[in-house]
Number of protein chains: 2
Amino acid sequence: MTKKSAQNKALQELAGVAHSETTNKSVIAALKKRRQTKPSTDQLIGSILQGNITALSRAITLIESTNKNHSEQAHDVITGCLPHANKSVRIGITGVPGVGKSTFIESFGKHLSNSGKKIAVLAIDPSSSITKGSILGDKTRMEDLVKDTNVYIRPSPSGESLGGVARKTRETIILCEAAGFDTILIETVGVGQSETAVHSMVDFFLLLKLAGAGDELQGIKRGIIEMADSIAINKADGENIRSAKIAKVEFNRALHLYPKKESEWTPKVLLCSALHNKGIDTIWEMIDKYVSLTQENGYFDHRRHEQNRFWLIETIKDKLHADFFNNDVIKKELKHQIELIETQKTTPFAAADYLLNLK
Amino acid sequence: MTKKSAQNKALQELAGVAHSETTNKSVIAALKKRRQTKPSTDQLIGSILQGNITALSRAITLIESTNKNHSEQAHDVITGCLPHANKSVRIGITGVPGVGKSTFIESFGKHLSNSGKKIAVLAIDPSSSITKGSILGDKTRMEDLVKDTNVYIRPSPSGESLGGVARKTRETIILCEAAGFDTILIETVGVGQSETAVHSMVDFFLLLKLAGAGDELQGIKRGIIEMADSIAINKADGENIRSAKIAKVEFNRALHLYPKKESEWTPKVLLCSALHNKGIDTIWEMIDKYVSLTQENGYFDHRRHEQNRFWLIETIKDKLHADFFNNDVIKKELKHQIELIETQKTTPFAAADYLLNLK
């Protein structure tokens, strides 16, 4: 419609006639006020405990913030939520890119949701500070799950160090549990030590693998198989079924090489096809059995206590190391001492003594 | 002879005739002086470089001493020896008790000695502070080797911590190399992390195993197989040969599970019978090949540099941890914070922050 035609319209407004406002100013003001007013710590805790997702997301954002005031509020919210946390099953899921982690989580999450579970999907991806959250960042990969009101998805926090990312994720677990999520899925890709970090914050560790052609056991990262409570061979469908079954035998043999686990659980190798929702129920049944076994024999609680102690000690050590090695004098002298060691003018021990005396 | 008959002897001494002393007082004085005078640092270094075993042992005793003056002299001796060290092949040997380590080292050591090598046999046994040096302590287990002038055997230093024992052993290696020993064997049993410590100070890591009945891959300690450059199945003689061959296949399969080593070396499984000196020469030939390969591709030197950096950083970290966790206030508060964590009143991270602020 051109300007001219508009001016010639029958509905042209006559001067002097008052219209009622199409937008209510008092509503706008109230909305603006609500947007600006940050909820108090107690309000946040109260809302989280009622399962309010907005409050949960807001609190997680506080955890992820580098602002000191935010950190302090986050600390108080976490402390308030703590007595209501811990009542969940925490499951770690790992596997190389291409193994179908997103599809698996989509299928597995829907199965759990249909069984009446409330699922939080988190991720640990220390590379996300660069790639801006590659894992779970693209939620379109989990279309159905995103729409499910029983499911809460949160991409990996960013952070300079794995330690920082891991801390934020562990604190996020507490909030999700307090908000009523009873099943926590934590996804990771094999970046650096991220699997170890995830393993040390979950009850059950699931390794997703593919049946490849022939030599599929090659190139398994240090210790990953040893950490796994189960290996699920994904994409076991169509022409892949035969090779998946062969892989199952090989992985069973590989698992057999390790000493019996403290949990008294014998790791299982299962086949599944996340794309076709096949074998997903069996995987959940297995995890359920694991939880029953370890809750009965006391390992479940024992492990969570161990994990708490681990994170306490690790956090302290990380800080001690950072304080020392990030010191400018030490940085410069460390380089020099390494040169002296390499030219056989000092030993690593004498160099260590020298550096320790500088601080 | 009775007193009486002695008095009636023809050779009875006449009064007033002077005898020459049967012991020369000046010689005794000189000997006493020599025993009391500690050699100077320069004298020690000079003697060690000439291959003097007494000087070497004396310097190692200085390293092992907890006396501050001794430590300072040890430091100076090591620094003086350093430019002459590093020219050796360092071989780590591990295996559970009963696998025949002493017999293996006896046989292997003799083979090397016969080939013109000079061998130092050291040990890392962090438990030796309690058991007073169980490994190598009983040198009678290596009867022939002890008598061999090409071989120097030194039991594990004692020490409260593995770190302390490892440091002393690494410093001892330097002195042995400076004294002309070109092959250093370092024995350990699987006590705690001692294998990892030995692995991080040797060029080649040999794992001794036995062929058992059936399930011999069970119960392999975390990471030991992954560290091994070779597995030698000992006692492969008589009726054991069949099961040893089966074990060889299984261990080969187990080694196959790991990613290719940075050294580009493919770990080998060999059979031997140390008691019957069988297969020992083949093991040395293999190590020789490994050394050639890694010296050519640069890994040999690269690894030693990496090891130096590892020990530098580890020593610093150990000291930082000890300073913090041995502090009396921290000790008491750590216990309290762990209680708060377990009763869900704080998180590991908040507790860590709290403790770090105390110091």
Side-chain angles (χ1 to χ4, degrees), chain A residues 75 78-79 82-86 167-168 170-171 174 215 217-223 225-226 250 253-254 256-260 304-305 307-321 323-325 330 334 337-338 341-353 355-356, chain B residues 75 78-79 82-86 167 170-171 174 215 217-223 225-226 250 253-254 256-260 304-305 307-321 323-325 330 334 337-338 341-353 355-356 359:
Chain A
H75 170 263
I78 294 163
T79 308
L82 253 184
H84 310 276
N86 259 313
R167 172 182 184 147
K168 289 168 183 174
R170 263 187 69 96
E171 291 178 337
I174 292 167
D215 225 343
L217 289 181
Q218 283 285 359
I220 289 171
K221 260 187 65 189
R222 181 182 297 233
I225 289 220
E226 192 170 358
E250 294 209 17
R253 192 181 287 139
H256 185 70
L257 293 181
Y258 295 101
K260 207 170 159 64
R304 286 205 173 177
H305 286 172
Q307 288 176 339
N308 279 334
R309 262 192 290 267
F310 170 83
W311 285 103
L312 169 63
I313 302 299
E314 282 302 297
T315 306
I316 290 173
K317 286 183 176 175
D318 279 355
K319 188 67 173 22
L320 293 174
H321 301 166
D323 279 354
F324 188 84
F325 290 107
I330 297 294
L334 181 67
Q337 289 295 317
I338 288 176
I341 293 170
E342 297 201 345
T343 51
Q344 302 197 56
K345 291 195 182 71
T346 188
T347 67
F349 307 108
D353 291 344
L355 291 168
L356 285 160
Chain B
H75 170 264
I78 293 162
T79 309
L82 254 183
H84 310 277
N86 258 312
R167 172 183 183 148
R170 263 186 68 96
E171 292 178 337
I174 292 167
D215 225 344
L217 289 181
Q218 283 285 0
I220 289 172
K221 260 188 62 190
R222 181 182 298 231
I225 289 221
E226 192 170 359
E250 293 207 19
R253 192 182 284 140
H256 185 70
L257 294 179
Y258 295 100
K260 207 170 158 61
R304 288 206 170 175
H305 286 171
Q307 288 176 339
N308 279 333
R309 262 192 290 267
F310 169 82
W311 285 103
L312 169 63
I313 302 300
E314 281 301 297
T315 306
I316 291 173
K317 285 182 175 175
D318 280 355
K319 189 65 174 18
L320 293 174
H321 302 166
D323 280 354
F324 187 84
F325 290 108
I330 297 295
L334 180 67
Q337 290 295 317
I338 288 175
I341 293 170
E342 296 201 344
T343 50
Q344 302 197 58
K345 292 194 182 71
T346 187
T347 67
F349 306 108
D353 290 345
L355 291 169
L356 285 160
K359 249 207 126 188

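These values consider heavy atoms only, across backbone and side chains, with no hydrogens, waters or symmetry-generated copies. First the proteins, then the strands, lettered A, B, ... as listed; each starts at 1. Predicted model, so just to flag it, every value in this text is computed and none were measured.
Partners of Lys319(A) according to the salt bridge (charged side-chain N to carboxylate O under 4.0 Å, His left out) rule, which considers only residues two or more places apart in sequence or in another chain, are Asp323(A).
Comparing Thr79(A), Leu355(A), Ile78(A), Asn86(A) by heavy-atom pairs within less than 4.5 Å of chain B, the highest count is held by Asn86(A). Ranked by heavy-atom pairs under 4.5 Å with chain B, the list Ile174(A), Asn308(A), Ile313(A) is led by Asn308(A). The candidate with the highest count of non-hydrogen atom pairs below 4.5 Å against chain A, out of Glu171(B), Lys317(B), Gln344(B), Arg167(B), is Arg167(B). Ranking Thr347(A), Thr343(A), Asp318(A) against chain B, the residue ahead of the rest is Thr347(A), based on heavy-atom pairs under 4.5 Å.
When heavy atoms are compared at a cutoff of 4.5 Å, Phe324(B) approaches chain A solely by way of its side chain, counted from C-beta outward. Both the backbone and the side chain of Leu320(A) come within less than 4.5 Å of a heavy atom of chain B. Looking at Phe310(B), there are no atoms closer than 4.5 Å to chain A (heavy atoms on both sides), in backbone or side chain. When heavy atoms are compared at a cutoff of 4.5 Å, Arg253(B) approaches chain A solely by way of its side chain, counted from C-beta outward. Interface residue Ile316(B): backbone and side-chain heavy atoms are both found under 4.5 Å from chain A.
Taking 4.5 Å as the limit, some side-chain heavy atom of Pro348(A) sits within range of a side-chain heavy atom of Arg170(B).
Interatomic distance, Asp353(B) CG to Thr315(A) OG1, rounded to the nearest 0.5 Å: 8.0 Å. Once rounded to the nearest 0.5 Å, the distance linking CZ of Phe349(B) with CD of Glu314(A) reads 10.0 Å.
Nearest heavy atoms, Leu312(A) versus Ala352(B): CD1-N, 3.6 Å.
A salt bridge links Arg309(A) with Glu342(B): at least one charged nitrogen is closer than 4.0 Å to a carboxylate oxygen.
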